[in-house]
Amino acid sequence: AQTVTQSQPEMSVQEAETVTLSCTYDTSENNYYLFWYKQPPSRQMILVIRQEAYKQQNATENRFSVNFQKAAKSFSLKISDSQLGDTAMYFCAFMKNNDMRFGAGTRLTVKP
Amino acid sequence: NAGVMQNPRHLVRRRGQEARLRCSPMKGHSHVYWYRQLPEEGLKFMVYLQKENIIDESGMPKERFSAEFPKEGPSILRIQQVVRGDSAAYFCASSPNRVEETQYFGPGTRLLVL
């Protein structure tokens, strides 16, 4: 079974600075998908970014980018120019055949 | 195009009652997933359904829990004889009629069992 590990329960960053959230996973699969979801205090789950394992190029979405290291099974999220609205829980997720598994989450606080 | 809709948003039940949670997927989506989130934890997969079929229910407790996705109408997650440990946020997600597509989440239903 696939497992997803987020080793940082909590992190904080100053507004406008950059922060990196880590995620590792365990799988024997070669083709799969990875996601980062954001859960603000409203508790809505919001898709931040998606990465296909067969793509070598790291996905980017505006201020959000990932560092995907397939051999190391690592999938970190970098948030640039952090904003107060980025304060939320961030969940890393692994998906294969529509079966999605989530990490335990990292609580990010952006400080003014 | 409305997103995934869930209702009710909040549900309070006493021990032993039944809870019914509803999920309407995004238009054009025929895959529905249910997840449970306990306080301060990540989401745990419960069940995956397509129209009129349960594809994977490996994450759903064998007793008291059931799910359906009828040909017409929303998907229903039903919890019979609720206990306090069922208190959680229940999220529904949907994806299009293709494999390996991104799942889009509803706002969740917060169930509180007194």
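The basis for the numbers below is simple: all heavy atoms, side chains too, and nothing from hydrogens, waters or symmetry mates.
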Can a salt bridge be assigned to the pair B:Asp86 and B:Arg13 using a cut-off of 4.0 Å between side-chain N and carboxylate O?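 Judged by the 4.0 Å cut-off on N to carboxylate O distance, B:Asp86 and B:Arg13 do not form a salt bridge.
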Close contacts, residues 107-114 of chain B versus chain A, judged by heavy atoms under 4.5 Å: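 Within residues 107-114 of chain B, the residues that come under 4.5 Å of chain A (heavy atoms only) are B:Pro107, B:Arg110.
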Kindly state whether the ring of A:Tyr32 and the ring of A:Phe94 have centres lying under 6.0 angstrom apart.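 Centroid separation for A:Tyr32 and A:Phe94: below 6.0 Å.
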Assess whether side chain to side chain contact (heavy atoms under 4.5 Å, CB included) is satisfied between A:Leu21 and A:Val19, documenting all intermediate values. CA-CA 7 Å; A:Leu21 309 183; A:Val19 64; 4.2 Å; yes
For the residue pair A:Phe102 and B:Tyr35, does the interplanar ring angle fall in the parallel (under 30°), tilted (30 to 60°) or perpendicular (over 60°) class?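 Rings of A:Phe102 and B:Tyr35: perpendicular, as their planes differ by over 60°.
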For atom CZ of A:Arg43, is the number of surrounding heavy atoms from other residues, nucleotides or ligands below 6.0 Å larger than 12?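 Yes, enclosed.
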Whether B:Arg20 side chain and B:Arg78 backbone form a donor-acceptor pair below 3.5 Å: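 Absent.
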A:Gln39 versus chain B, the contacting section by heavy-atom distance below 4.5 Å: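 Answer is side chain: those atoms of A:Gln39 sit under 4.5 Å from chain B.
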